[in-house]
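Step one of this worksheet: look at the structure below.
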Amino acid sequence: MVVNGSGYLVDPTDPQGAQRLGLWPIVDVREAWDGLMLWSFDRLLAVSEVGVAWMSAKVCLDDLEVLEITDDAVRCRGVFVPGDASEFVLSADDGSLVAGSAYREPFRR
């Protein structure tokens with residue numbers, strides 16, 4: 001369930017036991033791999049039938065878009081530098097980067 005950008009895992013037999021997801025704000029949700037793919041402006045979170053499967057590291061500065069979800073990968077686009085979007089691919093297994101450039105925080109070494 002998503003309410004005002006916050007995500008929750010809710011067991012219909014125990015709605016009072018809802019667990020808040022560690023991703024905010026959730027800007028979109030898609031069905032994926034018998035579960036859900038949720039994302040914010042800079043991270044993704046995969047939910048399986050048993051709970052959170054993985055949450056990616058920060059993958060871009062802003063404007064994260066999920067372009068395609070396949071059995072093995074999530075193809076995305078995001079802004080690394082203002083005005084310049086890049087495409088990259090994450091593993092469906094664990095959210096790790098498998099193609100494209102890794103995002104690095106500006107001004108950090």
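Given the structure is predicted, the values throughout are model-derived calculations rather than measurements.
- In the hydrophobic clustering of ILVMFWY residues, with side-chain heavy atoms under 4.5 Å counting as a link, Trp39 and Val89 come out apart.
- Under the 4.5 Å side-chain heavy-atom criterion for ILVMFWY residues, a single connected hydrophobic cluster contains both Leu64 and Tyr103.
- Proximity of Leu61 to Phe80: side-chain heavy atoms (C-beta onward) are nowhere separated by under 4.5 Å.
- Across every non-hydrogen atom of Val66 and Arg30, the tightest pair is O-NH2, 2.9 Å.
- Judged by distance alone, the side chains of Ser86 and Arg77 never bring a donor and an acceptor atom under 3.5 Å apart.
- Within a 6.0 Å sphere centred on CG of Asp11, other residues, nucleotides and ligands contribute more than 12 heavy atoms.
- Environment of CD in Gln19: sparse, with no more than 12 heavy atoms of neighbouring residues, nucleotides or ligands closer than 6.0 Å.
- Grouping the Ile, Leu, Val, Met, Phe, Trp and Tyr side chains by contacts below 4.5 angstrom, directly or via other members, places Met37 apart from Val98.
- Looking only at atom types and distance, the side chain of Ser6 has no donor-acceptor partner in the side chain of Asn4 under 3.5 Å away.
- For residues 44-63, the set of pairs meeting the side-chain hydrogen bond (donor to acceptor under 3.5 Å, both in side chains) definition, not counting sequence neighbours, comprises Lys58-Glu105.
- Exactly one residue among Leu67, Leu97, Leu44 makes a side chain to side chain contact (heavy atoms under 4.5 Å, CB included) with Cys76. That residue is Leu44.
- Side-chain contact between Cys60 and Val79 is absent, with no heavy-atom pair separated by less than 4.5 Å.
- Every residue meeting the salt bridge (charged side-chain N to carboxylate O under 4.0 Å, His left out) condition with Glu68, not counting sequence neighbours, appears here in chain and number order: Arg75.
- The closest side-chain heavy-atom distance from Phe88 to Val74 is not below 4.5 Å.
- Taken to the nearest 0.5 Å, the CG atom of Asp28 stands 11.0 Å off from the CZ atom of Phe41.
- The shortest distance between side-chain heavy atoms of Ser40 and Trp24 does not fall below 4.5 Å.
- The structure places CG of Asp71 at 10.5 Å from CG of Asp93, a figure rounded to the nearest 0.5 Å.
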Q | Residue pair Ser96, Asp94: steps toward the side chain to side chain donor-acceptor pair (under 3.5 Å) verdict | A | CA-CA 6 Å; Ser96 62; Asp94 61 8; 2.7 Å; yes
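- Side-chain heavy-atom separations under 4.5 angstrom define the hydrophobic clusters, and the remaining members of the one that includes Val52 are Val2, Leu9, Leu21, Leu23, Ile26, Val29, Leu36, Leu38, Leu45, Val47, Met55.
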